[in-house]
Chemist: 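Could you have a look at this structure, given as C-alpha cells, before my questions?
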Amino acid sequence: MDIWFDLAKEIDALTASAAVEMEEFDESFAPDTRMADPRFGDYQVNGVLPYAKSNRTNPRALAEKLVARLRGAGIDPEYLELTIAGPGFINFTFTPRFLTDWLKRYASGEALREAASALRGGRRTVVDFPSANTAKQPHIGHLRPMVIGESVARLLEFCGAQTVRDNHLGDWGTNFGTLIMKIKQDGIRLEDLGADALPLLDRLYKEGSQLERDNPELRDISRAELVKLQNSDPENTAIWQTIVDISKKAFERIFAEMDVRTDVTLGESFYRDKVQRVYDELIEIGLAEESDGALVVWHDEVPRFSRDNERPNPFNIRKKDGASNYASTDLATVLYRLDEFQAEEIIYLTDSRQRDHFQQLFLTTRKWFEKTGRPLPDLHHVWWGAILGPDKKPFKTKSGEAVQLRELLDEARSRAFAVVTEKSPGLPESERRAIAESVGISAVKYADLSSNRTQDYVFSWERLLSFDGNTAPYLLYAVARIHSIFSKLDGGKDGTDEAAASPVETETEIALARKLIGFVSVLKQAASDLRPHFICTYLFELAGTFSSFYNADRVLVDDAPTRARRLMLCRRTLLILETGLRLLGITPLKRM
RNA sequence: GCACCUAUAGUUCAAUGGAUAGAACACCGGCCUCCGGAGCCGGCGAUCUGGGUUCGACUCCCGGUGGGUGCACCA
C-alpha cells in the first residue's frame, strides 16, 4: 500500500471500486467519505446508510460485506484498520506505523507542495483582488480584500493553480467627473501637491459630492467632464493620469507593508476601448436592449432581475449618456481574461454588497458566451461580511469616519510593541520593534481570516493581540517555541536521523501524528470553499495538540529511537504550522 | 414593499445532513524540581421561535421574530 497523500480521496476511490464489484451495490452508491471524529477513526464512510435505506436492506449487514470486500482489496492491515460502528458507519483508522511512515514521506515544504499541486494541477485561474479605488486613501474597507485575497491566491497556488493576480483598479468611474469638476473649480494644480496629495484628493471628492447634492446643476458639469475624459480630452486625461499615479503609489506602499502581491494591474480604464465590442455583441445576439435610454440586460428567469418588477433592477451595461460603467468594463474584462489568459476560472473578491452585481455579471456572461460559442470559465464571487466595532456596528472612528488603514496598522504595531516589551523585556529594542511589526500586522490579518468570511466579525484589539486563544500571537509563539527546541541542539542540528525514528507510541504522540496528516483534508476544504478560516481553526487545534504532546512526552530523552521520533514530531509540527501560516499570508518568526 | 445574508455557552468564534454541538476568553477546581509557565488536566455553561422533510437536522424546506445588506445609469 502506498503512502497516500490525499487520504479521503484514496479511501473513497477504494471503497467505490470495491462496491462496484459487489452484486449488493449498483452505480447509485456513493461512499461519502469524510474526516471522522478522532474517537471513531481518521476517516469514515457513511454512504452505506442511505444506500441501504433506499434499497431496503439492513445497513449493518451491508457494511459488514463491504468491509470484508475491502479487506481483500489491497488494504494493508499494518497500515489501516477498518471497523463498523452503530447502524453502519465504516471507520478507517491509520495505524501508528502508517502515521510514522507518512510523516517520513512528506517531510518538507517541497514534498507537501509537490503532492498538493495535483489538487488544482495547473488550472489557469485569475484572482481579481484587491481592486483598490483611486483618489481615495486606503481605509479599513480595503483590509479584507487584501488579506482574504492574498490568502485565497496562496491557497490556490499551493494547490497547483496557475494564477494571475489582477488588481482590477477602480480608475474609470463617474467619481472622476466629480473630482475633475471640483479640481477645476478650485483651480488646483495637482503637480504642486507633493506628498499629501492623496488625503487632499480624498477630501476634494467628498466636497465635490456634497456640492453636487447642494447644487444638482453641477452634476451636469461633472457628467460633461467625465464624457470629455472618456473621449480622450487631453486636459482631463492629464488630470486623471496624475490622480491614478498618486493613488497607485499610495496603495503600493500599503501592499508592501501587508505583503500583498499582484501580478498585473489592469484597471477599468484599460478596458475603455474594449467595451464597444461588448455592446455590439450583446445587442447582436439580442441579449441587451434599450431601457430609459440606457443599454440593459434583463434576466427574467430570476425574479429580482426581471423586467416586470415593482422596482426594476436590470444589469445596466451602458448609461443613458453613453458612458460606460462597471458592468460594461467587467464584461469586457471577462472576455479579455478568456482571450488573453485562457482563464479556466475567475475568482472575484469583494464584500457582500456586490452580490447582485456579480450574479448579474455571471448570468450575462453565461448567456453571452453560450450564444457566441465561447468556453465559459468557472466564475466565483468570494464575498465577506463587515468588520464591526465593539458596539456591533460597522467599525468607524469616533467621529464616524472610516478608519484609515495607515492608522490601523500603526496602532497594531504600537500595541504589539507594548505586548512584546511586557513579555520579553530582555530583548534589545530593535528586535522588539521588528517582532512587533510582524506580530501586529499578522494579528490584524489573522483576525480577518480566522472567522468564516461570510459572517460579520467583531474587531477587538484586546482579543486579536492576545497570546491565548485562536490568534496570530499564539500561533507565532508556538512556532518560536519549537524553533527554540532545535536551536539548542548542537547549533540547530538535532543530530538524529529520522529514519531511526520508531513508530509513534504514546497516546499524545499518536494524537499529534493523526492531527498532522489531517492537514491535507483541511487544505482541500479551504481551497475548494475558498475559506481560509478552515486553515486557522486547524492550526490552532494543531498547536493545542502539540502542547499536550510536549507536556506529556519529554523530547530530549536518551533512548535514540524515541528521541528521533519525538524530534520528528516537533519538526513536522513546525513544518505544518509554518506552511499553514504562509498560506494565510503570515510570515512566521524564529524568535519572539 | 421585494430580495438576499444572518441568529449557537455570559462574551468572541467553530461544527462538507452523521455518532455525546466543539474551542477560546471569563468563572471554579486540580497538576507539574516546568526541554520557553506565553504550560498541562478537569468543571460550569448554548443551537431565536413554531411546524415539516429525513434512518439521522445547528445544517435542508415553510411560517414567525430580531439584526444586517441590496434594489439601473456609484463602484
Side-chain angles (χ1 to χ4, degrees), chain A residues 32 34-37 39-40 44 46 49-50 52-53 59 85-89 91 131 133 170 172-175 178 209 223 268 291-296 302-305 309-330 350-357 359-360 383 385-386 388 392-394 419 422-424 450-452 454-458 460 462-464 466-471 473-474 477-478 480-485 488-489 521 524-525 528-529 533-534 536-537 540-541 544 547-548 550-557 566 570 591-592:
Chain A
D32 184 23
R34 64 181 65 203
M35 275 205 276
D37 185 312
R39 283 172 301 185
F40 307 124
Q44 57 178 275
N46 294 345
L49 273 74
K53 179 70 184 174
F89 299 108
N91 292 318
S131 307
N133 305 92
W172 202 239
T174 307
N175 56 331
T178 304
S209 309
R223 245 193 294 275
E268 290 165 0
S291 172
D292 287 350
L295 190 64
V296 307
V302 180
R304 72 179 182 284
F305 303 139
N309 234 319
E310 226 177 296
R311 291 179 64 175
N313 184 18
F315 197 45
N316 185 337
I317 66 170
R318 189 181 63 200
K319 302 193 288 188
K320 68 179 172 195
D321 60 12
S324 63
N325 62 9
Y326 78 134
S328 341
T329 48
D330 270 1
T350 79
D351 71 42
S352 62
R353 289 175 301 185
Q354 296 192 36
R355 294 189 69 200
D356 279 356
H357 168 73
Q359 210 167 341
Q360 292 180 101
W383 56 274
L388 307 177
K392 303 285 191 76
K393 299 254 170 66
V419 175
E422 187 201 325
K423 305 278 189 189
S424 307
S450 59
S451 61
N452 194 337
T454 50
Q455 227 108 340
D456 297 347
Y457 79 93
V458 177
S460 152
E462 201 181 318
R463 206 169 23 249
L464 70 90
S466 166
F467 280 71
D468 295 301
N470 190 10
T471 67
Y474 174 79
Y477 172 72
R481 193 169 163 221
I482 301 175
H483 268 297
S484 82
I485 298 169
K488 282 189 190 141
L489 290 166
S521 291
K524 275 178 70 176
Q525 196 177 10
S528 68
D529 288 3
H533 81 282
F534 287 122
C536 297
T537 304
F540 175 60
E541 288 170 358
S547 280
S548 299
Y550 195 66
N551 197 256
D553 299 317
R554 189 167 183 85
V555 172
L556 301 178
V557 293
R566 289 184 182 163
C570 293
R591 197 161 81 131
M592 60 186 283

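Below, chains carry the letters A, B, ... as their sequence lines are ordered, and counting in each starts from 1.
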Chemist: Could you tell me how far apart A:Tyr326 (OH) and B:A72 (P) are, to the nearest whole angstrom?
Modeler: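 Checked: the OH to P distance equals 11 Å.
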Chemist: Heavy atoms from C-beta onward define the side chain here; which of B:C5, B:C40, B:A15 lies closest to that of A:Ser547?
Modeler: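 Per side-chain heavy atoms of A:Ser547, the pick is B:C40.
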Chemist: When the C1' atoms of B:U54 and B:C60 are considered, how many whole Å apart are they?
Modeler: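 Between the two C1' atoms, the distance is 10 Å.
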Chemist: Checking all strands, does A:Arg554 fall into the base, sugar-phosphate, or nothing category for heavy-atom contacts under 4.0 angstrom?
Modeler: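 Here A:Arg554 touches the bases of the nucleic acid.
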Chemist: Which atoms form the tightest heavy-atom contact between A:Arg566 and A:Arg554, and what is the distance?
Modeler: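 Taking A:Arg566 first and A:Arg554 second, the nearest heavy atoms are NH1-O, 2.7 Å.
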Chemist: Using OP1 and OP2 only, check whether a side-chain N or O of A:Ser451 sits under 4.0 Å from B:C13.
Modeler: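 Result: no.
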Chemist: At under 4.0 Å between heavy atoms, what does A:Phe305 touch on the DNA or RNA strands: base, sugar-phosphate, or nothing?
Modeler: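 The answer is nothing, as A:Phe305 stays clear of every strand by at least 4.0 Å.
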Chemist: Pairs counted as Watson-Crick or G-U wobble with both distances under 3.5 Å: what dot-bracket string results for RNA chain B, using | for bases tied to another strand?
Modeler: (((((((..((((....[...)))).((((((....).)))))....(((((..]....))))))))))))....
Chemist: Reckon A:Arg304 touches a base, only the sugar-phosphate, or nothing at all at heavy-atom distances under 4.0 Å?
Modeler: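 Sugar-phosphate contact only - A:Arg304 comes under 4.0 Å of backbone atoms but never of a base.
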Chemist: Expressed as a whole number of angstroms, how long is the span from A:Lys392:NZ to B:A7:P?
Modeler: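 Between P of B:A7 and NZ of A:Lys392: 12 Å.
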Chemist: For residues A:Asn91 and A:Ala85, report the shortest heavy-atom separation together with the two atoms involved.
Modeler: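 Between these two residues, the closest heavy atoms are ND2-CB, 3.6 Å.
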Chemist: Could you run down nucleotides 18-25 of chain B 5' to 3' and tag each one B, S or - for protein heavy-atom contact under 4.0 Å?
Modeler: BBB--SSS
Chemist: Say we look at B:C48 and B:U11: how far apart would their P atoms be, to the nearest angstrom?
Modeler: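 After rounding to an integer number of Å, I get 13 Å for this pair.
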Chemist: Using the P atoms only, state how far B:U49 lies from B:A7, rounded to an integer number of Å.
Modeler: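 That atom pair is separated by 13 Å.
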Chemist: Counting only N and O atoms by type, is there a donor-acceptor contact under 3.5 Å from the side chain of A:Asn325 to the main-chain atoms of A:Ala327?
Modeler: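 Indeed, once roles are kept as given, a pair shorter than 3.5 Å links the two residues.
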Chemist: If you pin A:Tyr550 and A:Pro312 to their nearest nucleotides in RNA chain B, which one's is more 5'?
Modeler: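 Taking each residue's closest nucleotide, the earlier one in sequence belongs to A:Tyr550.
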Chemist: When you check the phosphate oxygens OP1 and OP2 of B:C55, does a side-chain N or O of A:Lys53 lie under 4.0 Å from one of them?
Modeler: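 Checking A:Lys53 against B:C55: at least one side-chain N or O falls below 4.0 Å of OP1 or OP2.
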Chemist: For A:His357 and for A:Asn316, locate the closest nucleotide of RNA chain B by heavy-atom distance; then report the residue assigned to the nucleotide nearer the 5' terminus.
Modeler: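 That would be A:Asn316.
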Chemist: Distance between the C1' atoms of B:G30 and B:G67, in whole angstroms?
Modeler: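 Between the two C1' atoms, the distance is 42 Å.
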Chemist: Starting at atom CG of A:Asn309, determine the distance to atom C1' of B:C71, rounded to an integer number of angstrom.
Modeler: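 In whole Å, B:C71 C1' lies 9 Å from A:Asn309 CG.
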Chemist: Base of B:A38, side chain of A:Ser424 - is there a donor-acceptor contact under 3.5 Å?
Modeler: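 Answer is yes: a donor-acceptor pair is held.
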Chemist: Just checking A:Ala480: base, sugar-phosphate only, or nothing, at a heavy-atom cut-off of under 4.0 Å?
Modeler: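 The residue A:Ala480 makes base contact.
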Chemist: Test side-chain contact (heavy atoms from CB on, under 4.5 Å) on A:Ser547 and A:Arg481 and set out the steps.
Modeler: CA-CA 10 Å; A:Ser547 280; A:Arg481 193 169 163 221; 3.7 Å; yes
Chemist: Please check the phosphate of B:C40 (OP1 and OP2 only) for any side-chain N or O of A:Ser548 closer than 4.0 Å.
Modeler: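 The answer is no; no side-chain N or O of A:Ser548 sits under 4.0 Å from OP1 or OP2.
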Chemist: Looking only at side-chain atoms of A:Arg355, point me to the closest of B:C74, B:C4, B:C41.
Modeler: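 From the listed options, B:C4 comes nearest.
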Chemist: Would you confirm whether A:Ser328, through its side chain, and A:Ile317, through its main-chain N or O, come within 3.5 Å as a donor-acceptor pair?
Modeler: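 The answer is yes, because a donor-acceptor pair under 3.5 Å joins these two groups.
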Chemist: Go through the N and O atoms of the side chain of A:Ser291 and the base of B:A72, and report whether any donor-acceptor pair is under 3.5 Å.
Modeler: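 Indeed there is one.
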Chemist: Using the side-chain hydrogen bond (donor to acceptor under 3.5 Å, both in side chains) criterion, which residues pair with A:Thr178? Sequence neighbours excluded.
Modeler: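 Scan of A:Thr178 (side-chain hydrogen bond (donor to acceptor under 3.5 Å, both in side chains), adjacent residues dropped) gives A:Glu212.
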Chemist: Quick check, does A:Tyr457 stack with B:U12? I mean ring centres under 5.5 Å and planes off by under 30°.
Modeler: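 Base of B:U12: not stacked against A:Tyr457.
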Chemist: With no hydrogens and no angle check, is any side-chain donor or acceptor of A:Ser528 less than 3.5 Å from a backbone partner on A:Lys524?
Modeler: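 Checking the backbone N and O of A:Lys524 against the side chain of A:Ser528, a donor-acceptor pair under 3.5 Å is found.
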Chemist: When the distance from CG of A:Asp351 to C1' of B:U69 is rounded to whole Å, what number comes out?
Modeler: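 Those two atoms, CG and C1', are 9 Å apart.
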Chemist: What's the OH-C1' distance between A:Tyr474 and B:C13, to the nearest Å?
Modeler: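 Distance, rounded to whole Å: 16 Å.
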Chemist: Can you list everything that forms a side chain to side chain contact (heavy atoms under 4.5 Å, CB included) with A:Pro303? Sequence neighbours excluded, please.
Modeler: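 Partners of A:Pro303 by the side chain to side chain contact (heavy atoms under 4.5 Å, CB included) criterion come out as none, since no residue qualifies.
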Chemist: Please determine whether a side-chain nitrogen or oxygen atom of A:Gln455 lies at a distance below 4.0 Å from atom OP1 or OP2 of B:A7.
Modeler: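 Yes, such a contact exists.
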Chemist: Can you tell me, in whole Å, how much space there is between the C1' of B:G17 and that of B:G52?
Modeler: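 Approximately 15 Å lies between the C1' atom of B:G17 and that of B:G52.
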Chemist: Could you give the distance separating B:U33 and B:C28 at their C1' atoms, to the nearest angstrom?
Modeler: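 That atom pair is separated by 27 Å.
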Chemist: Please confirm whether any donor atom in the side chain of A:Asp292 sits under 3.5 Å from an acceptor in the base of B:A72, or the reverse.
Modeler: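 Indeed there is one.
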Chemist: Report the nucleotide, chosen from B:U69, B:A75, B:C13, that has the shortest atom-to-atom distance to any side-chain atom of A:Val458.
Modeler: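 For A:Val458, the side-chain atoms sit closest to B:C13.
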Chemist: For B:A23 versus B:C35, give the span between their P atoms, rounded off to a whole number of Å.
Modeler: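 Approximately 27 Å lies between the P atom of B:A23 and that of B:C35.
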Chemist: What is the distance, to the nearest angstrom, from the CG atom on A:Asp356 to the P atom on B:U69?
Modeler: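 It is 15 Å, rounded to the nearest whole Å.
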Chemist: Is A:Thr471 reaching over with its side chain to a backbone N or O of A:Phe467, donor-acceptor style, under 3.5 angstrom?
Modeler: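 No; zero donor-acceptor contacts below 3.5 Å.
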Chemist: Return the set of residues passing ring-ring contact (aromatic ring centres under 6.0 Å, His included) with A:His357 (not counting sequence neighbours), or none when no residue passes.
Modeler: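 Counting only residues at least two positions away or on another chain, A:His357 forms a ring-ring contact (aromatic ring centres under 6.0 Å, His included) with A:Phe315, A:Tyr326.
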Chemist: Would you say the side-chain atoms of A:Arg304 and A:Gln360 include a donor-acceptor pair closer than 3.5 Å?
Modeler: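 A:Gln360 and A:Arg304 do not have a side-chain donor-acceptor pair below 3.5 Å.
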Chemist: Under 4.0 Å from OP1 or OP2 of B:A75: is there any side-chain N or O of A:Ser131 that close?
Modeler: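 Result: no.
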Chemist: Rounded to the nearest angstrom, tell me the gap between atom CZ in A:Arg311 and atom P in B:A72.
Modeler: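 Checked: the CZ to P distance equals 6 Å.
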Chemist: Which value, in whole Å, describes the distance between the P atoms of nucleotides B:C61 and B:G22?
Modeler: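 About 25 Å, rounded to a whole number of Å.
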Chemist: Is the closest basic N to carboxylate O distance between A:Lys392 and A:Asp456 below 4.0 Å?
Modeler: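 Salt bridge flag = no for A:Asp456 with A:Lys392.
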Chemist: What is the separation between atom CD on A:Gln354 and atom P on B:G68, rounded to the nearest whole Å?
Modeler: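 These atoms are roughly 21 Å apart.
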Chemist: Going by 5.5 Å between centroids and 30° between planes, is there a stack of A:Tyr477 over B:A38?
Modeler: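 Base of B:A38: stacked against A:Tyr477.
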Chemist: Tell me every residue that passes ring-ring contact (aromatic ring centres under 6.0 Å, His included) with A:Tyr457, counting only those two or more places apart in sequence or in another chain.
Modeler: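 ring-ring contact (aromatic ring centres under 6.0 Å, His included) list for A:Tyr457, sorted by chain: empty.
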